[in-house]
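Below: one structure, written as structure tokens.
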Amino acid sequence: MRRITGRRQRAHRSGSRGRRAQGALAAALVLAATAAIPSALAGEAAAGGHDLTVYVSADGRQGAAGTLEDPFPTVEEARDALAGRTSAHHPGTVYIREGVYDTSSTIALEGAGNSYVTYAAYQGEEVEFTGARTLDPAHFQRLADLTGSAADDPRWSSRSRVQDSVYDQVYVYDLGAEGIPTGSLNKNGFNWQAQPFAPELMTDDQAQTLAQYPNGDATMDKTSLGVAEPFRGARDYFSDKTADGTTLPYEEMLQLPGPVYTVTSPEVAERYTTWAPPTDPSAESATNQPERDIDNTTYETDGWLAGYFGNNYGNDRVRIYSIGQEGLDDEGQAAGWNVRTKYPTMYAATDKWTSFVAQNVLGELDTEGEYYIDRWEGNDVLYYLPPGGTIEGKDITLTSFDKPFFSLENVTGVTLRGLRFNGSTSSGVQLLDAESCTLDHLEIQNVSLDAVTIGEASDAITAVAEYTTSRGGHGNRVVDSSLHDLGGGGVFLAGGDRDSLSRGDNVVEHNEIYNFSKLATYTPAGYLYGVGNTFRYNYVHDAPHMAVQIMGNDMVISHNRFERLVTNASDQGIIYSGRDFTYLNNEISYNYFGDVPGNNQAIYMDDGMSGMVVHHNYFADMEHGLFYNSGHSNVASDNVFRNVETVGHDKLYHEGGRRLPVSNAKVVIERFNDMLKAGDGTGFTNTAANVERWYRHYARQYPNIRDWYVPADSSGEVCTEVGTAECTDSYVWENPDSVYVPSHNVLTRSVLIATGGFAYNDDADGDTVATFSPGFDSLSVSGQDPADFAFDPETGRFDARASSLAGADGFGRGWLQEWNRTFTLEGIGPRD
């Protein structure tokens with residue numbers, strides 16, 4: 001960690017990018033942390049006398065004593081001074097004096113020797129760790145001012161690609177001369193292994209735009225670039241899609257050919273020819289793409305296509321490899337292609353949802369706020385078209401740090417309190433095998449991956465049964481913090497063991513999480529993986545994708561406020577879970593879901609998702625509240641819906657003629673067997689003792705769990721067609737214990753205010769979720785105005801004395817009292 005010379009105060013807040021309906025909470029976080037410091041420790045800080053309390057200051061000196069009067073210069077020195085001296089009975093404290101600490105390496109806390117220590121901002125002072133390097137305005141030069149011998153310097157050799165129309169408005173900055181890391185653009189996207197993103201330029205705390213075409217919110221679609229050769233997407237090479245059930249090694253997957261495109265738009269045809277060097281038929285083909293020299297005075301050296309390719313929910317990116325006015329196929333015949341790319345897409349090359357841009361293209365730097373870093377042959381030069389045409393008076397930084405700020409590994413009882421972390425192309429804080437650690441009153445912003453990771457995931461994609469999480473530890477907490485302006489998600493929260501149903505008991509509560517998923521999809525505010533973790537009292541808002549993803553059991557998502565989410569997605573939900581019959585007893589309760597745009601829903605129970613418990617939630621202003629998709633034993637009761645097009649809708653495996661195998665059969669069967677098929681615990685089996693533990697654990701809630709089955713013949717082979725003696729229609733498609741049958745689903749005691757009824761599917765020969773779940777959608781009441789039920793839309797409470805529900809079947813005064821006692825929109829978000 002580099003320390004600053006002298007102290008400076010710089011807030012690095014988000015400005016208008018993260019509009020917060022509850023006020024400027026982040027501004028008060030560090031001050032609130034002062035009150036959280038125990039008074040005894042505050043006394044020690046004033047006296048400076050306790051030998052397990054040490055101090056860090058930007059003005060500290062090498063060889064310091066670590067006292068208030070003679071502080072250490074770095075956190076690492078303070079850590080080492082306490083190493084091996086602290087315990088649960090004698091915890092240590094590191095107070096960090098105010099300042100902005102430039103960070104170039106992770107502060108690693110490891111093992112018992114670094115346990116039971118609190119790292120806290122000192123008594124109301126503002127402390128920021130930043131991986132964003134300040135760019136001195138005096139070191140910017142106008143590109144047009146580079147003349148004579150200066151202009152001949154090879155560092156500026158790419159300048160000829162800048163458009164004449166903006167040439168005299170562009171500024172350049174020699175990053176290499178100051179040793180500022182320039183990073184790289186990596187293959188990233190949905191289901192690809194997350195890599196650090198490219199450094200991000202910030203001006204006055206506003207993220208600037210990597211030079212792209214087209215500008216603003218405009219994108220290219222399949223009418224702009226047609227597909228000359230799609231090749232197969234990488235998704236076809238994962239275990240659930242391959243004939244032998246194996247997954248292509250990841251490095252080999254990256255070597256699969258990328259799509260080949262034909263330019264079909266006149267607008268694109270006018271400009272694409274410099275987005276990459278011209279094709280060299282003698283040295284390359286669509287499947288052979290060696291590294292080669294590029295004339296960077298004419299052609300782009302690292303352009304990409306980035307956005308949505310083969311679906312409307314998962315982003316991707318491919319590198320533009322070469323350009324051909326009339327390309328040749330691998331046999332040297334004219335094929336009419338124009339753009340060859342490197343790296344495969346995960347899904348299709350284009351479809352009806354395609355929406356992407358050409359990115360990191362210096363020749364497209366033509367709009368205020370766009371920038372480009374020329375990394376070619378070590379030039380390491382920034383090109384920038386600043387807002388207003390000047391860099392004067394602007395605070396400009398480049399996020400160049402590519403690691404977490406703190407890493408807590410195999411430690412117990414460590415607390416980080418009242419600190420701000422700003423600017424990393426990786427994650428903010430990482431916990432691995434940590435026990436009873438607390439992140440309290442933190443502000444984490446401008447990181448490209450997740451703000452906090454508790455545990456880690458295997459290399460498999462979430463869609464296959466091999467995907468697992470581990471190292472989540474137990475009893476860790478993220479509380480009263482502000483996590484915002486994130487390329488990825490808020491808190492990756494693993495913990496617990498699904499085989500044995502042992503709990504993680506990790507908690508994320510009283511936080512504000514917003515403006516996340518800026519660079520990646522399926523990166524929610526809360527990932528709940530494993531068993532027994534909790535996400536509660538959080539205010540989550542303003543993001544393009546989902547808020548919570550569940551992959552596990554016995555999770556609690558309660559008393560949260562979710563608003564203005566999935567704003568740039570379709571066929572999605574604020575809370576999403578799916579593709580597993582054994583993700584049981586996940587409770588979603590006492591939450592507010594509001595302002596969900598487009599063809600989305602609040603709670604998405606996808607592809608066999610079972611055992612969800614949804615109660616006492618308030619849904620407002622959206623198309624669908626609930627989606628029941630082929631699962632069973634999902635129970636939604638005692639919920640209020642206002643201005644919702646349909647209370648919910650369903651989808652069945654029975655659709656299209658009761659065909660086998662069912663959708664994604666391999667993975668849902670493997671995941672079922674992985675938990676509930678008795679064996680030796682290897683492969684997709686669990687031990688007999690663990691299976692029995694599952695049965696006992698869920699016996700009351702799912703009394704028929706011992707009888708659940710995947711339809712199979714007498715030899716144990718999974719049914720692949722309906723027969724007359726085995727795998728009969730009744731056995732596969734009607735028996736309520738068959739996991740293919742949407743049985744035991746419940747929707748009851750719904751209050752519908754200006755809300756449509758349940759939209760049953762019409763593609764299963766008359767079968768619906770209600771066919772197999774008698775009494776489904778019972779005891780609902782409808783009205784057109786909140787006043788019909790004496791309901792206050794602002795508070796989410798009823799006037800129990802005046803509400804007509806007091807006399808409604810299934811409701812009554814007790815129901816009203818219970819709702820008003822347990823549902824509240826107060827106290828959500830960070831506490832003062």
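For the residue pair S400 and D402, no side-chain donor N or O sits within less than 3.5 Å of a side-chain acceptor on the partner. A donor and an acceptor atom, one from each side chain of Y343 and D316, are nowhere located under 3.5 Å apart. Side-chain N/O atoms of S239 and E466 include a donor and acceptor closer than 3.5 Å. R142 and Q169 share no donor-acceptor pair across their side chains, judged by distance under 3.5 Å alone. Checking E200 against S448 by side-chain atom types alone, no donor-acceptor pair falls below 3.5 Å. Of the N and O atoms on the side chains of D485 and N446, not one donor lies less than 3.5 Å from an acceptor on the other residue.
In plain terms, the two heavy atoms of L565 and P597 that are nearest each other are O-CD, 3.2 Å.
When ring centroids are compared, H545 and Y522 come within the 6.0 Å threshold. Aromatic rings from Y383 and Y371 are positioned such that their centres are separated by 6.0 Å or more. Ring pair Y313/Y308: centre-to-centre distance not below 6.0 Å. You'll find the ring centres of Y171 and Y384 outside the 6.0 Å limit. If you look at F129 and F405, their ring centroids are not closer than 6.0 Å.
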Kindly indicate, with the supporting measurements, whether the criterion ring pair (Phe, Tyr, Trp, His ring centres under 6.0 Å) is fulfilled by Y272 and Y213.
CA-CA 10 Å; Y272 81 97; Y213 173 82; over 10 Å; no
Going through the distances and angles, do F231 and E229 end up as a side chain to side chain contact (heavy atoms under 4.5 Å, CB included)?
CA-CA 6 Å; F231 296 103; E229 175 56 68; 3.2 Å; yes
Before giving the answer on salt bridge (Lys or Arg N to Asp or Glu O under 4.0 Å), spell out for E364 and R161 the whole-Å C-alpha distance, their side-chain angles and the decisive distance to 0.1 Å.
CA-CA 9 Å; E364 300 296 345; R161 305 206 307 268; over 6 Å; no
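Ring geometry for Y173 against F140 counts as perpendicular: the plane angle is over 60°, on a 0 to 90° scale with 30° as the lower cut. F309 and F356 have tilted rings, their planes meeting at an angle from 30° to 60° on a 0 to 90° scale.
Counting heavy atoms from C-beta on, the side chains of F238 and L248 never come closer than 4.5 Å.
Judged purely by atom type and a 3.5 angstrom limit, S424 uses its side chain to pair as donor or acceptor with the backbone of K403.
The OG atom of S427 sits 9.5 Å away from the CD1 atom of I444 when rounded to the nearest 0.5 Å.
In this structure, R232 satisfies the cation-pi test against Y237, with its NZ or CZ atom closer than 6.0 Å to the six-membered ring centre and inside 45 degrees of the ring normal.
Across D164, D168, V162, a single residue satisfies side-chain contact (heavy atoms from CB on, under 4.5 Å) together with V166, and that is V162.
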